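In what follows, a single structure is set out as structure tokens and then discussed.
Since the model is a prediction, treat every value here as computed from it, not as a measurement. Along the sequence shown, residues carry numbers from 1.
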Amino acid sequence: MNRTVKFTSAAWLLSTTALLGAHSALAATSCASLAGPLAPDTVITLAQQITGGSFTPPGSSNALTGLPDFCRVAGSIRPTADSDIEFELWMPLAGWNGKFNGVGNGGLAGTISYSSMAPSLQRGYATASTDTGHTNAGGPGFFALGHPEKIIDFGYRAHHELALRSKAIIAAFYGAQPKLAYYTGCSQGGQEGMMEAQRFPDDYDGLVIGDPDNFMTHHEVGAHLWITAATLGNPASYISASQAAIIGNAVNAACDARDGVTDGVLNDPRLCHFPAQQLACKAGQDPSTCLTPLQVDAVAKIWSGPDHVVGPGYDPGIERGGETLGWPGFITGSAPGLGSHTSLGLPFFKYFIYDDPNWDFHTFDFATDAPIVDNKMVSGQTMAQVLNAVDPNLEPVKERGGKIIHYHGFSDPDIAPRNSINYFLSVVGAQAEIAGPRNALAETQDFYRLFMVPGMNHCGGGPGANTFDTLTALENWVERGQAPQRIIASHFTNGAVAFSRPLCPYPQVAQWTGTGSSTDAANFVCTAEAGNNGNVGIALNQGQGHD
């Protein structure tokens, strides 16, 4: 269990007060006056007004448009001699809503998430992002080679420092602290949000956490490396992007209709048990419509995950469904070795674990080498302690009135959807120890709700309803006490809504009523499904965490 020291409200106040001291005379002052030292380890390198509604981020040729006039602050935080955490904070020159929104990263980070900051600024937020202490010069993950403190910055420290420094600068600029702080992030940003909730629960009043890579060391072994080995360990096992449609069509033919609506979306793919062996070419069959035995074996491994080799509960496999749109980017790539599992996974092992740019993935023995990843030491901590956000104790978030909306695409081809379900159930199990089994689910959902998104790939895309507004739902929960009973999601085709669905708080699922159009969310209800309730029961009776 990843038990970590929590920052109390008093500790945060002392830290922020110390930071404000550096700019105590600048309350409600001009943007340009913010430049200079903020604290002994922090300097603001740029403070300028951006006007005219458009901003082109550094290194990009694509302008962000429709922006209000804002104060752009850029700076560097150096909590250790080997740290250089670059960040930007954007603050509206007029119409500030009094709130702060920190936004997360993707992949192995290394860049500031300008595109995620823009929508928050448009909503009136002061918003900030960080590169988490490194760039991608030399390629993804190269920063970690010989730099353990940068790994810690990436793992959990950078976003905490970002929250503290941003609040101090906001107070200096507006003359008032933000009345509320929200976090939003998906993928690596989901891991960052989980770290914030578990390690530093006072940083944010509410968090939106999407498709989180919060069990990162197990994901690197059980998804990135496992899928790389399954598809590239033998060159003949490689599955092409065009063959992803063969797999997706077969899965839909077998399982799509079981939820009452034939729409190319599996409501709960865990209930689909289509065997990979049925994809194998039969005598006389056109080979462009089926898979070879080695390819079939690779698909079976992708769906099953590594548990039968590494150990029970290590990492869930990728769910069936969504292969046509999801697999080309993450699993197959446009050519062997270009899928995201490989392009992001191999650098992790080369630079985080083995400190060897020439490391060969064929040398990894899943049955014996997985513990090496968890136990690699990083400045007195294990890699698991630095990167994994799996502590089920969210009581500090609950006690301070914080709220968490957690979502995950049920057709995510990158991070196993059941990873999110397993973590949610571990929190329910922790609440059972406090409130008793009868009240555990209700106590959990009083501050933390999980929404599985049928047919959505990784953080978006896919055949399902994949566009939805979680930040408004979070605002309504934190500011008005309106817990999200359902979140309406839409699927767009050619810029128009093709269909909509309600997203339901787990363990509920959306069920078509049988009347009215099945393309309209109004004709669906959130209802319990037997399999889901059974999983909650397991969590309460036996415990279901990541210890």
Side-chain angles (χ1 to χ4, degrees), residues 4 7 11-12 15-16 18-20 22-23 34-47 57-59 72-91 100-114 116-117 126-138 140-170 172 181 183-185 187-196 199-200 202-204 213 216 351-352 378-379 381 385-387 389:
T4 53
F7 272 44
W12 175 86
S15 299
T16 304
L19 289 172
L20 286 175
H23 276 292
L34 293 171
L38 176 69
D41 65 353
T42 304
V43 61
I44 296 175
T45 56
L46 179 150
R72 178 193 175 201
V73 171
S76 174
I77 310 167
R78 297 182 176 178
T80 75
D82 195 31
S83 296
D84 185 9
I85 301 168
E86 300 290 326
F87 71 95
E88 289 210 17
L89 169 66
W90 295 357
M91 299 176 288
F100 166 62
N101 178 208
V103 302
N105 305 84
L108 291 175
T111 57
I112 290 171
S113 302
Y114 294 104
S116 296
M117 295 170 67
T127 181
S129 174
T130 172
D131 65 2
T132 73
H134 65 274
T135 70
N136 288 317
F142 182 75
F143 74 91
L145 185 63
H147 295 282
E149 293 297 337
K150 289 186 181 296
I151 295 176
I152 294 172
D153 290 336
F154 165 74
Y156 62 82
R157 189 161 52 202
H159 271 274
H160 174 56
E161 298 290 345
L162 176 71
L164 292 181
R165 301 312 186 273
S166 295
K167 291 175 183 179
I169 297 168
I170 289 168
Y183 175 87
T184 52
S187 189
Q188 177 60 30
Q191 182 266 2
E192 293 158 355
M194 284 292 191
M195 278 292 190
E196 282 292 297
R199 284 180 175 264
F200 312 109
D202 291 324
D203 281 355
Y204 292 99
D213 187 10
M216 188 172 178
Y351 305 128
F352 283 69
V378 186
S379 294
Q381 304 172 73
Q385 290 172 324
V386 172
L387 299 180

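- Using a 4.5 Å heavy-atom cutoff, the side chains of F143 and Y351 are not in contact.
- Atom CE of M195 sits about 6.5 Å away from atom CG of L387, to the nearest 0.5 Å.
- Salt-bridge formation is not detected for the pair D41/R78: no Lys NZ or Arg NE/NH1/NH2 atom is positioned less than 4.0 Å from an Asp or Glu carboxylate oxygen.
- Contact of the F352 side chain with the V378 side chain is not registered, since no non-hydrogen atoms from C-beta on lie closer than 4.5 Å.
- Interatomic distance, E86 CD to L162 CG, rounded to the nearest 0.5 Å: 12.0 Å.
- The structure places OG of S187 at 9.5 Å from CG of L108, a figure rounded to the nearest 0.5 Å.
- With hydrogens and angles ignored, the 3.5 Å screen pairs no side-chain donor or acceptor of E88 with any backbone N or O of Y114.
- With respect to R157 and E161, no salt bridge is recorded, no charged nitrogen being found less than 4.0 Å from a carboxylate O.
- Ring geometry, Y183 versus H159: the interplanar angle exceeds 60°, so the pair is classed perpendicular (tilted spans 30 to 60°).
- Across all non-hydrogen atoms, the minimal contact from I170 to A126 is CD1-CB, 3.7 Å.
- Contact record, Y204 with A163: OH-CB, 3.8 Å, taken as the closest heavy-atom pair.
- In terms of modelled atom types and a separation under 3.5 Å, the side chain of S76 and the main chain of D84 share no donor-acceptor contact.
- Contact record, S83 with D153: OG-OD2, 2.7 Å, taken as the closest heavy-atom pair.
- Of the possible polar contacts, one joining the K167 side chain to the D203 backbone as a donor-acceptor pair under 3.5 Å is found.
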Would L34 and M91 count as a side chain to side chain contact (heavy atoms under 4.5 Å, CB included) if you check the C-alpha gap in whole Å, the side-chain angles of each, and the deciding distance to 0.1 Å? CA-CA 12 Å; L34 293 171; M91 299 176 288; 3.8 Å; yes
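- Side-chain atoms of T127 do not come within 3.5 Å of backbone N or O of W90 as any donor-acceptor pair.
- Between the side chain of N105 and the backbone N or O of S113 there is no donor-acceptor pair closer than 3.5 Å.
- F87 pairs with exactly one of D131, T132, I169 by the side chain to side chain contact (heavy atoms under 4.5 Å, CB included) rule, that one being I169.
- Residues L89 and R165 form no side-chain contact, since every pair of their non-hydrogen atoms from C-beta on lies 4.5 Å or further apart.
- Within the model, atoms OG of S129 and CD1 of I112 stand 6.0 Å from one another, a figure rounded to the nearest 0.5 Å.
- Below 30°, between 30° and 60°, or above 60°: for H160 and F200 the angle between ring planes is below 30°, a parallel geometry.
- Side-chain contact between P79 and I85 is present, with heavy atoms from C-beta onward closer than 4.5 Å.
- The heavy-atom pair separating N136 from P140 by the smallest distance is OD1-CA, 3.9 Å.
- In this structure, D82 CG and E149 CD are separated by 7.0 Å, a value rounded to the nearest 0.5 Å.
- Rounding to the nearest 0.5 Å places OG of S166 at 7.0 Å from CD1 of I77.
- The shortest side-chain heavy-atom distance between F154 and V386 does not fall under the 4.5 Å cut-off.
- Nearest approach of Q188 to G107, heavy atoms of both residues: CB-O, 3.2 Å.
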